[in-house]
Amino acid sequence: MMVTIRLMRRGGMVEPFYDVVVIYSRRSVGGSLEQVGFFNPVARGGSEELRLDLARIDHWVARGAQPSERVAQLLKGYRKTQAAAA
């Protein structure tokens, strides 16, 4: 089966919150294999907007998982910020 790394929506109507999950690509809802991070597009104040477990994402990508377009964009930006912070 094909495995995908994608966003899974959580939170309410006004405050969306997304988990970054590894899931079988044919499943539409639930049944994620692993949660590898989160994305909060409406983060305010000192709250964190994005957190990803790069080691686990690299593990899944090495085994054939494909990130969605949006997750690939988030991953690229997150890697840049982590490299700048180091």
Side-chain angles (χ1 to χ4, degrees):
M1 285 188 111
M2 183 82 156
V3 177
T4 306
I5 303 171
R6 67 178 180 90
L7 297 175
M8 182 180 288
R9 186 181 169 119
R10 304 275 190 220
M13 179 78 85
V14 179
E15 294 190 18
F17 184 85
Y18 299 91
D19 288 333
V20 180
V21 296
V22 179
I23 192 168
Y24 290 119
S25 63
R26 296 195 183 239
R27 263 202 197 152
S28 60
V29 179
S32 63
L33 297 171
E34 181 178 359
Q35 180 181 348
V36 292
F38 70 84
F39 173 54
N40 184 3
V42 292
R44 293 183 202 98
S47 61
E48 202 171 4
E49 181 180 352
L50 178 65
R51 183 186 313 154
L52 298 172
D53 186 352
L54 295 176
R56 292 304 297 167
I57 290 173
D58 291 339
H59 166 82
W60 282 104
V61 169
R63 280 152 186 72
Q66 297 290 318
S68 68
E69 288 181 31
R70 183 64 178 141
V71 170
Q73 289 174 350
L74 292 172
L75 190 56
K76 184 178 177 182
Y78 190 75
R79 285 189 195 273
K80 281 184 184 179
T81 59
Q82 293 300 309

Below 4.0 angstrom, N of the basic side chain to O of the carboxylate: do R79 and D58 qualify?
yes
So CG of L75 and NZ of K80: to nearest 0.5 Å the spacing works out to 12.0 Å
Please determine whether side-chain contact (heavy atoms from CB on, under 4.5 Å) holds for the pair R70 and L7, giving the CA-CA distance in whole Å, both sets of side-chain angles, and the decisive distance to 0.1 Å.
CA-CA 8 Å; R70 183 64 178 141; L7 297 175; 3.7 Å; yes
Closest contact, heavy atoms only, A65 versus P67:
O-CD, 3.8 Å
CH2 of W60 to CG of D53: how many Å apart, nearest 0.5 Å?
12.5 Å
Go through the steps for T4 and V22 under the test side-chain contact (heavy atoms from CB on, under 4.5 Å), then give the verdict.
CA-CA 6 Å; T4 306; V22 179; over 6 Å; no
Just how far is it from atom CD of E69 to atom CZ of R6, taken to the nearest 0.5 Å?
14.0 Å
Working to the nearest 0.5 Å, report the span between OG1 of T81 and CD of E49.
10.0 Å
Calculate, to the nearest 0.5 Å, the distance between atoms CD and CG belonging to E15 and N40 respectively.
8.0 Å
Is there a path from V42 to M8 through hydrophobic residues (I, L, V, M, F, W, Y) whose side chains come within less than 4.5 Å of each other?
no
Please report the C-alpha distance between L33 and V3 in whole Å, then the side-chain angles of each, then the deciding distance to 0.1 Å, and finally whether the side-chain contact (heavy atoms from CB on, under 4.5 Å) criterion is met.
CA-CA 9 Å; L33 297 171; V3 177; 4.2 Å; yes
What's the spacing between F39 CZ and D19 CG if we round to 0.5 Å?
12.5 Å
Exercise: identify the closest heavy-atom pair between P41 and P16:
CD-O, 3.8 Å
Measure centre to centre between the rings of F38 and F17, then say whether the value is under 6.0 Å.
yes
Within a strict 4.5 Å, meaning less than it, do heavy atoms of the V20 and L52 side chains meet?
yes
